[in-house]
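Accompanying notes for the structure given below.
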Amino acid sequence: MPSPDRSRSHARAGGGPVPFPGPPLRQDDTDAFRHALRLARQRTGVRTVFGGAVADGALRLTEFTGTLTDSMRGLRVVPGRGLGGYVLRHHRPLAVDDYVPATTITHDYDSPVSREGIRSLVAAPVTVQGGVRGVLYAAAREAAPLGDRTTAALMDTARRLASEIAVRDEVARRVRLLETAAEAPAAQPPAPGLDALRDLHAELRGIAQQIEDTALRDRLRHACDRFLRTGIESGAAPGTPPEAAPHPDRPRLTPRELDVLSYVALGCTNAEAGRYLGLEPETVKAYLRSATRKLGVHGRHHAVAAARRHGLLP
């Protein structure tokens with residue numbers, strides 16, 4: 001287990017310390033972490049699982065399931081100290097069959113671990129773009145190997161969590177870009193060209209469909225809508241004149257219909273749009289047909305033009 005060192009860096013397996021790459025987990029990633037612990041408990045069959053996020057070069061244990069005390073809550077783990085510190089430094093899982101006499105780790109935190117009654121333990125890194133962003137643990141109160149199957153299941157859960165965090169990182173980055181573009185003064189020409197903005201708009205809508213977090217998905221869609229509204233109100237929406245400001249009776253398209261239209265606007269076929277959005281070509285065709293009907297036009301190109309006139313697309 002960890003040591004209360006204040007270090008803000010970790011070491012490569014064979015080199016000196018380097019900064020932790022990537023931003024720290026956002027506050028709203030707690031739900032993803034808790035879901036991962038529930039999944040880890042289910043898949044490993046181990047009753048006690050816990051973990052935490054990496055920030056400022058150290059791991060903080062904040063999430064617990066199946067523990068009996070609060071002895072480890074808030075514990076700060078630094079690279080190279082204890083089981084978690086090993087995982088932080090080497091970016092790979094490690095298990096100990098009996099924690100207290102184990103010789104493969106340091107024993108800076110034997111006291112809180114012993115108060116919880118933990119004997120055998122395995123830890124797995126949550127690795128995103130080469131940096132450890134968190135650690136998951138599975139523990140038992142008997143001195144016996146947890147086994148390769150438990151380690152494999154914990155690692156698979158850690159990889160799932162890492163994928164979710166990576167998607168959220170990318171969404172947050174793109175939302176910031178979109179919000180910055182929306183807030184830019186009208187007199188300043190946008191850095192990206194019209195085609196680039198349309199590509200970004202379509203890609204953001206596609207990414208939104210991959211997000212399990214409803215609040216985050218809605219935030220991304222709201223950012224897209226805000227970008228369009230801001231441009232229209234200022235008379236500077238890409239390709240949209242001021243007189244094209246939406247009227248109260250403009251067609252109401254569903255999010256999926258707008259997703260499909262945003263890719264059709266880029267010249268994608270139904271099959272290509274389906275690949276981006278995770279839909280079958282026939283499903284894309286059905287959404288496009290519905291959108292076309294609501295817009296009161298015939299054909300995909302007329303649908304895109306009508307959607308732009310109504311301020312539904314950039």
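Because only heavy atoms are used, hydrogens play no part in the values below, and waters and symmetry mates are left out as well, while side chains stay in.
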*Side chains of Val304 and Arg308: does their closest heavy-atom pair fall under 4.5 Å?*
yes
_CG-OH distance between Leu61 and Tyr137, expressed to the nearest 0.5 angstrom_ = 5.0 Å
*Between the main-chain N or O of Asp31 and the side-chain N or O of His35, is there a donor-acceptor pair closer than 3.5 Å?*
no
*Which is it for Leu261 and Leu313 under the side-chain contact (heavy atoms from CB on, under 4.5 Å) test, yes or no, and what are the steps along the way?*
CA-CA 8 Å; Leu261 274 181; Leu313 290 178; 4.0 Å; yes
*Indicate yes or no: does Lys285 engage Glu280 in a salt bridge with an N to O separation below 4.0 Å.*
no
*Identify which one of Ile165, Leu39, Val126 satisfies the side-chain contact (heavy atoms from CB on, under 4.5 Å) criterion when paired with Arg160.*
Leu39
*Given Leu312 and Leu295, is the side-chain contact (heavy atoms from CB on, under 4.5 Å) satisfied, shown in steps?*
CA-CA 11 Å; Leu312 297 170; Leu295 291 165; 4.3 Å; yes
_Strictly below 4.0 Å, N to O, side chains only: are Glu63 and Arg34 in salt-bridge contact?_
yes
*Are Tyr263 and Glu272 close enough, and set up right, to give a side-chain contact (heavy atoms from CB on, under 4.5 Å), and what steps lead you there?*
CA-CA 8 Å; Tyr263 278 101; Glu272 290 169 339; over 6 Å; no
*Approximate separation, where rounding is to 0.5 Å, of Ile118 CD1 and Asp110 CG*: 11.5 Å
*Looking only at heavy atoms, what is the nearest atom pair of Leu154 and Ala40, with distance?*
CD1-CB, 4.0 Å
*Just one of Asn270, Asp259, Thr269 clears the side-chain contact (heavy atoms from CB on, under 4.5 Å) bar with Val284, so which one?*
Asn270
*Quick one: are Val113 and Met72 in side-chain contact, heavy atoms under 4.5 Å?*
yes
*Keeping the roles fixed (side chain from Arg60, backbone from Gly74), state whether a donor-acceptor pair exists under 3.5 Å.*
yes
*Are side-chain heavy atoms of Pro125 and Met155 found at a separation under 4.5 Å?*
yes
*Would you find more than 12 non-hydrogen atoms of other residues, nucleotides or ligands less than 6.0 Å from Arg47 atom CZ?*
no
_Working to the nearest 0.5 angstrom, can you tell me the gap between Thr104 OG1 and Leu83 CG?_
7.5 Å
*If you round to the nearest 0.5 Å, how far is OG1 of Thr254 from CG of Leu258?*
6.5 Å
*Can any side-chain N or O of Thr292 pair as donor or acceptor with the backbone N or O of Leu288 at less than 3.5 Å?*
yes
*Heavy atoms only: give me the nearest His91-Gly130 pair and the separation to one decimal.*
CE1-O, 3.1 Å
*Please answer whether the main-chain N or O of Gly82 pairs with a side-chain N or O of Thr106 as donor and acceptor at a distance below 3.5 Å.*
yes
*What closest approach, in Å, do Arg89 and Pro79 show between heavy atoms, and which atom pair accounts for it?*
NH2-O, 3.9 Å
*If you measure from the Lys or Arg side-chain nitrogens to the Asp or Glu carboxylate oxygens, is any gap between Asp156 and Arg149 under 4.0 Å?*
no
*Looking at side-chain heavy atoms only, is the closest gap between Leu94 and Val122 below 4.5 Å?*
no
*What's the shortest heavy-atom distance between Ser120 and Glu142, and which atoms?*
OG-O, 3.1 Å
*Assess whether side-chain contact (heavy atoms from CB on, under 4.5 Å) is satisfied between Leu277 and Arg256, documenting all intermediate values.*
CA-CA 9 Å; Leu277 296 170; Arg256 269 308 200 189; 3.9 Å; yes
*How are the rings of Tyr99 and His107 set to each other: parallel, tilted or perpendicular (split at 30° and 60°)?*
perpendicular
*Is there a donor-acceptor pair under 3.5 Å between the side chain of Thr150 and the backbone N or O of Leu146?*
yes
*Among side-chain atoms of Arg92 and Tyr86, is any donor-acceptor pair under 3.5 angstrom?*
yes
*asked:* Give me the atom names and distance for the closest heavy-atom approach of Thr48 to Gly66.
replied: OG1-O, 3.1 Å
*Should the pair Arg133-Asp169 be classified as a salt bridge under the 4.0 Å nitrogen-to-oxygen rule?*
yes
*Taking the side chain from Arg300 and the backbone from Val264, do they hold a donor-acceptor pair closer than 3.5 Å?*
no
*Is the side chain of Glu116 donor-acceptor paired with the backbone N or O of Thr67 at a distance under 3.5 Å, no angle test?*
no
*Looking at NZ of Lys294 and NE2 of His310, how far apart are the two atoms once the value is rounded to the nearest 0.5 Å?*
13.0 Å
*Considering non-hydrogen atoms only, spot the tightest contact between Glu257 and Ser290 and give its length.*
OE2-OG, 2.6 Å
_Pair Ser163-Arg159, side-chain donor/acceptor within less than 3.5 Å_ = no
_I want to check something: taking the side chain as every heavy atom from C-beta on, are Phe33 and Leu136 in contact at a cut-off of under 4.5 Å?_
yes
